[in-house]
Amino acid sequence: MTKIIKTLLISTLSLIFILLSTAYLGLHLSLPKLSGEFRSGHLFESVTIERDRLGTAVIHGQNRRDVAYALGFAHGQDRFFQMDLLRRNSAGELAEIFGEKALNLDKSRRFHQLRKRAENTVAKMEPKQKLLLQAYANGVNAAVAEQSLSSFEYLLTGTSPQTWQPADSLLVIYSMYLDLQGNTPKRDMALTQIQRLYGEQMLAFVTQNSPYQAALDASLLPTEEVLTPELEPQLLATALISTIEEPLDIGSNNWAVTGALTMSGRAMLSDDMHLSFAVPIIWYRAQLNYLSDSGDKVQVTGVSLPGAPAIVVGTNNRVAWGFTNAYIDTADWIAIDDKEPLTTEIEEMKLPGAQSSVEFPIQLSQFGPVKHVNGQDYALSWVAHRDYAVDMELMGLEIISSVQEGLALATTFGIPVQNLMLVDSEGNAGWKPAGAVPSRTNPANVAQLPETFQGALWGIDETELPQVVNPQHGRLWSANARVISAEQSSRFGDGGYALGARSQQIRDRLFESEQFTEQDFYRLQLDNEAKFLTTWHDYLINLLSLEPVRFAKDIQFIRDWQACACADSVGYTLVRSFRAKLIDASFAPIETGLQQINVSLSPVKRYLEPAMWQLLEDEPDSWLPERYSSWDKFAIQAYVDSTEELLGKHSDNAALADLNWGKVNALKIQHPFSKQMPLLSFLLDMPTVTGFGDSFMPAVQRSSFGASQRFIVQPGLESQAIMVIPGGQSGHPLSDYYRAGFDEYANHQSTPLLPSEILHKITIQAIH
């Protein structure tokens with residue numbers, strides 16, 4: 001028997017070894033070739049692709065179209081599966097790979113019919129842009145064809161790579177619309193249903209203007225207290241306390257100073273774009289070198305978005321640029337009745353397998369696609385549905401020579417509207433909204449009636465946009481809150497602005513000094529002081545002091561909180577969690593009613609800060625559940641609940657000391673596959689890192705969200721510039737570039753923008 005067991009054990013171990021060896025060999029065979037020569041009939045002239053220690057793709061070509069081919073080749077080698085997911089995400093085609101579990105997400109995407117829109121846009125494009133997208137697609141497809149074995153993601157899913165088309169690059173831009181503006185329609189729908197279910201007074205109460213305001217012109221929106229609405233007793237009686245998901249402040253920080261505030265006399269820019277994290281990270285380092293149409297040498301260095309042939313954020317040695325999400329209102333719901341003529345289109349959604357598919361009907365109106373909510377039909381008019389929503393005009397930034405030239409281009413960009421920050425080597429700095437903005441003049445927080453719909457103006461891309469150039473004090477900033485003046489606010493609306501605390505903190509830091517270096521800007525990017533939570537900290541100390549014996553340990557941890565989102569701060573965790581729980585508990589009656597119609601307060605949770613403080617000051621009886629004798633008792637229970645939840649999740653022995661922020665908010669950047677197959681985590685995920693930063697401060701970081709890059713530059717001094725990215729260039733786990741650069745990001749070290757010593761070189765010869 002022992003011999004049999006031994007034989008079986010050896011056989012099993014041998015089989016495991018063979019399987020692992022086969023898997024490793026397969027992975028190794030799917031690695032792209034990073035050095036050598038290739039040939040292509042799609043090039044005018046030969047191109048080269050070099051890579052340094054971080055995997056930066058350094059591309060040299062004689063013209064922009066050939067460079068687009070080479071960038072497509074590099075993207076295709078390193079990131080094709082991630083590009084595939086981006087196009088499928090916006091097109092609603094993920095179920096074709098992942099099956100029925102992706103159908104609900106696909107349906108939400110098909111509602112917008114973005115593949116049809118992308119294909120129609122390509123068909124109407126001017127020839128120069130269309131040919132450039134085709135050149136890029138040719139490069140992508142050539143790289144995929146050169147692989148001897150498909151990447152492991154396709155092997156695991158049993159699928160095959162599909163050819164890249166020019167329209168797919170526009171789908172990648174649409175994917176950014178979904179990320180950056182996807183909450184705007186949800187926000188307006190939530191406010192519409194609050195108005196319907198709870199009345200105008202409740203709507204006014206939850207949408208009070210934030211006291212945290214940092215517009216560039218220092219203008220303020222009124223913050224007078226509105227009347228606290230009475231809650232109906234049955235609302236309170238039926239309320240279920242559930243977590244109102246906290247919306248992430250998608251969109252970033254950027255700021256700039258003019259040359260008057262630097263030693264060199266050149267202006268300086270900082271940009272860190274905040275997005276959800278995955279492996280690989282969304283951005284891709286690249287430097288493009290080519291001749292312009294007029295024969296001038298062009299060198300542009302920055303980050304690209306795999307799937308598109310442009311440098312998104314970067315510098316051309318004369319001008320540098322960066323973006324934050326502008327949150328101008330670009331979407332409206334229109335309440336329609338049964339007299340409105342509707343048509344139905346059927347979207348066929350493919351599933352794995354040759355014959356398998358699902359039909360998804362979409363109702364369309366003259367205003368846009370139609371959604372049924374709480375017994376009412378609503379049509380969505382969204383800028384992403386317009387012909388001017390996507391194009392490749394962003395590439396014009398590569399050849400500008402001044403801030404003014406960049407500002408003039410801003411209104412032509414077919415991208416989700418962004419706060420464009422520009423600086424140049426002459427010391428100028430400027431800001432302007434850049435991207436697709438509808439010309440309609442009546443943006444609304446709640447659904448409109450058909451007679452108020454400005455259909456003709458919706459069809460026109462707005463060209464009259466505000467801008468600020470070289471302010472007298474020499475400083476510009478944006479961080480997803482309102483940047484435009486109070487006077488302009490009603491014209492451009494609110495598409496889901498951030499609370500404003502982060503903007504204020506950045507603005508205030510910029511006025512603490514009269515001269516800046518790149519390292520000064522980097523320290524500001526890493527500023528995790530908890531200015532916003534200070535009032536909550538003081539309130540919680542006073543609250544728990546009502547029962548000093550019961551909460552003695554808690555009070556000590558909270559007093560020692562260090563006033564920062566620091567890794568070893570337990571007090572920060574307790575304060576932050578308490579605030580969120582108290583908001584959840586206080587607004588549970590409203591959230592319960594909204595959830596019954598599949599709507600949530602989540603898209604407007606950040607707006608509840610003024611209303612929450614008003615409740616604590618007014619202590620209205622109609623909002624206080626019957627089981628509590630006072631608001632203090634209610635708030636204490638919210639603290640107890642939040643702390644018990646934390647302990648249950650993060651401590652094995654109910655010890656408060658286990659709740660340090662670094663552990664609770666640990667940075668975990670995961671590959672999509674490891675979330676479904678945890679055994680792959682060791683191979684696919686980035687190392688877990690102690691948490692640092694939070695939501696309402698410049699150093700934005702949650703467990704899988706934060707600064708997707710950190711960029712600081714003075715044009716003309718690129719050798720001093722910084723570009724830090726939380727992950728490597730390659731999506732292949734065996735590549736040297738899979739994790740390159742992550743450690744520097746995790747340890748708050750800077751990596752250079754410019755490429756270092758070249759380690760690999762590909763030459764692609766043109767065949768004529």
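- For the residue pair V713 and V423, the shortest heavy atom distance occurs at O-CG2, 4.5 Å.
- Residues E246 and R576 are paired through a salt bridge, judged by an N-O separation under 4.0 Å between the basic side chain and the carboxylate.
- The only option from T517, T262, T315, L269 that meets the side-chain contact (heavy atoms from CB on, under 4.5 Å) definition with Q714 turns out to be T262.
- When D685, L684, V279 are each tested for a side-chain contact (heavy atoms from CB on, under 4.5 Å) with F673, only one passes: L684.
- Few gaps surround CD on E619; more than 12 heavy atoms of other groups in view lie less than 6.0 Å from it.
- Closest approach of F705 to S276, counting heavy atoms only: CD1-N, 3.5 Å.
- The shortest heavy-atom contact between S750 and Q519 is OG-NE2, 4.1 Å.
- Paired with S600 under the rule side-chain hydrogen bond (donor to acceptor under 3.5 Å, both in side chains), one option of E591, K605, K186 passes, and it is E591.
- V312 and W321 get closest at one heavy-atom pair: O-NE1, 2.9 Å.
- Counting heavy atoms from C-beta on, the side chains of E153 and H671 come closer than 4.5 Å.
- Taking the ring centre of Y284 as origin, the terminal cationic atom of R79 falls outside the region bounded by 6.0 Å and 45° from the ring axis.
- Listed by chain and number, the residues in a ring pair (Phe, Tyr, Trp, His ring centres under 6.0 Å) with F205 are W623 (sequence neighbours excluded).
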One pair to check against side-chain contact (heavy atoms from CB on, under 4.5 Å): L499 and Y607. What are the steps and the verdict?
CA-CA 7 Å; L499 184 64; Y607 290 79; over 6 Å; no
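- Between L543 and D632, the shortest heavy-atom distance links the atoms CD1-O, 3.7 Å.
- Looking at T573, its side chain does come within 3.5 Å of a backbone N or O of L659 through a donor-acceptor pair.
- Looking at residues two or more places apart in sequence or on another chain, you find no side-chain contact (heavy atoms from CB on, under 4.5 Å) involving D652.
- Considering every non-hydrogen atom in both V172 and P306, the closest pair reads CG1-O, 4.0 Å.
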